[in-house]
Structure formats: C-alpha cells, structure tokens
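Here, residue 1 is the first one in the sequence, and each next residue gets the next number. Atoms within a ligand are numbered from 1 in the order they appear, just like the ligands themselves.
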Amino acid sequence: MNARRVVIASDHAGFELKQTLVAELQALGCDAVDLGPADTASVDYPDFADRLAEAIAQDAADTGVLVCGTGIGISIAANRHRHIRAGLAHDVTSARLMREHNDANVLVLGGRLIGPETARDCLKVFLQTSFEGGRHQRRVDKLSPPSGPRPA
Ligand code: RB5
C-alpha cells in the first residue's frame, strides 16, 4: 500500500515546527511533501497557504499541514480557497473535532504558541480521526455550495 501523502508548508515563524512535523510525518510512515520555505528567511504566509491549496487542488495530496507564528494568518489565507477546510488547533481535542465534525483537510498550528509535543500529538490525532458524516455532512456542504453566493 502506498504511504499516505501529506503536504506541509509554513512561513518563517512556523519553519522550525514545520521541520519537526516533517520528521514526525516520516516517523508515522507518511510521504511528507515539504512545500517550503527552506529556511527562516522572512516570507509572506499567504504565498505558502496558496501553494499548499494549489497542491491539494492538483491532487498532490488530500491532507495538508500549515504553520505560521499564531496559525491565524495562514488559516485565513488557506480558507479563502473553496476546497480547503483548515482548522487551527492548540490542543488534541480541537484536532480530533475538526476531523469528526468539520472534515478539515488542513491542520493549522501556531509555531510561536504551541510546544512540539502537543503539536506532534495534534498531528497524530488529526491523521487518525475520520469524519463522522451524518448531520455534519449537511453543514460541511454549506461551507462550499456548488456555485454562487450563499442564499440570504
Ligand atoms: C509573522 O511575523 C507572523 O505575523 C505570522 O507568522 C503569523 O503569526 C500571522 O498570522
């Protein structure tokens, strides 16, 4: 069976945690596709959120991980893409519930706010947890209606 492919990106503030999570993904047997950056030089988080969203749109993977300083900016940027449901986690419960209830396809972490142990635990739980469907499917469907603006 092929290893599960996961795309991952950050900005400079998330770089260190991204490196930790690439190693964790590999330890978990995943095919980690690192979309950058390659060092801590200052970059703009929307560029890396867009890069990851494009990779998912192109079917490079169906799951992603993003890291910036707080996780907030890169979440906002990622969620501008209709096919992305990015959830920010500071704890394992959030990482589980964003899968069970929101069918999140991107886990977002704040490199300046979360410790590496908690971040690794969030990643593991995010990857292991399935979407519950049922009543949550209807709500998730409303996040990205097929076309046009939301009804009033
Ligand atoms: C970069 O300094 C910082 O603003 C960014 O990583 C992030 O926290 C934005 O939301």
Side-chain angles (χ1 to χ4, degrees), residues 3-132 136 139-145 149-150:
R4 180 175 182 179
R5 183 170 291 183
V6 179
V7 286
I8 181 166
S10 73
D11 71 355
H12 53 286
F15 176 79
E16 194 179 332
L17 181 57
K18 171 171 72 70
Q19 301 310 104
T20 298
L21 296 177
V22 167
E24 183 67 21
L25 285 166
Q26 289 165 347
L28 293 170
C30 295
D31 176 9
V33 180
D34 186 350
L35 301 176
D39 56 38
T40 55
S42 183
V43 293
D44 298 333
Y45 55 81
D47 297 337
F48 286 86
D50 290 350
R51 192 180 284 191
L52 182 132
E54 180 61 22
I56 291 177
Q58 298 298 325
D59 278 335
D62 57 14
T63 303
V65 179
L66 286 170
V67 191
C68 71
T70 59
I72 296 170
I74 211 160
S75 295
I76 294 170
N79 279 314
R80 305 232 158 178
H81 297 269
R82 292 168 61 83
H83 64 293
I84 298 297
R85 292 176 303 282
L88 175 58
H90 300 290
D91 57 85
V92 169
T93 306
S94 302
R96 174 173 59 82
L97 286 171
M98 74 171 72
R99 287 290 310 128
E100 290 180 349
H101 289 193
N102 312 114
D103 197 18
N105 54 2
V106 176
L107 171 68
V108 187
L109 299 163
R112 290 176 175 162
L113 301 182
I114 193 170
E117 281 299 312
T118 307
R120 277 195 288 262
D121 287 348
C122 287
L123 177 65
K124 274 184 258 185
V125 166
F126 177 80
L127 293 175
Q128 286 164 1
T129 306
S130 299
F131 179 47
E132 278 182 2
H136 302 296
R139 296 161 185 165
V140 168
D141 289 344
K142 289 184 178 182
L143 293 173
S144 304
R150 291 174 189 223

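- Protein heavy atom closest to atom 2 (O) of ligand 1, with residue, atom name and distance, is R112 NH1, 3.4 Å.
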> Given the rule in the side-chain contact (heavy atoms from CB on, under 4.5 Å) test, do D11 and D44 qualify, once you have shown the distances and angles that lead to the verdict?
Replying inline: CA-CA 6 Å; D11 71 355; D44 298 333; over 6 Å; no

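- Distances below 4.0 Å separate heavy atoms of G69 from the following atoms of ligand 1: 5 (C), 6 (O), 7 (C), 8 (O).
- Some N or O of G73 is nearer than 3.5 Å to an N or O of ligand 1, by distance alone.
- For the pair G71 and ligand 1, the shortest N or O to N or O distance does not fall below 3.5 Å.
- The two residues I84 and A78 have their closest heavy-atom pair at CB-O, 3.4 Å.
- A salt bridge between E54 and R51 is absent, with no side-chain N of the basic residue lying under 4.0 Å from a carboxylate O of the acidic one.
- Summary of contacts: the protein heavy atom closest to atom 8 (O) of ligand 1 is T70 N, 2.9 Å.
- Between the CZ atom in F126 and the CZ atom in R96 there is a gap of 14.0 Å [rounded to 0.5 Å].
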>> For a side-chain contact (heavy atoms from CB on, under 4.5 Å) check, start with the C-alpha distance between R120 and T20, then their side-chain angles and the critical distance, and finish with the verdict.
In response: CA-CA 8 Å; R120 277 195 288 262; T20 298; 3.3 Å; yes

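- For D11, every heavy-atom contact with ligand 1 shorter than 4.0 Å involves the side chain, none the backbone.
- Atom numbering of ligand 1 starts at 1 in the shown order; those under 4.0 Å from a heavy atom of A13 are 6 (O).
- With rounding to the nearest 0.5 angstrom, the CD atom of Q128 is 8.0 Å from the NZ atom of K124.
- Atoms of ligand 1 found under 4.0 Å from any heavy atom of H12 (numbered from 1 in listed order, with element): 1 (C), 2 (O).
- Atoms OH and CD1, on Y45 and I76 in that order, are 6.5 Å from each other to the nearest 0.5 Å.
- Of the protein's heavy atoms, at least one falls inside 4.0 Å of atom 10 (O) of ligand 1.
- Contact annotation: for C68 versus ligand 1, heavy atoms closer than 4.0 Å belong to both the backbone and the side chain.
- In this structure, the protein non-hydrogen atom closest to atom 4 (O) of ligand 1 is Y45 CE2, 4.6 Å.
- Interatomic distance, NE2 of H90 versus CG of L113, reported as 6.0 Å (0.5 Å rounding).
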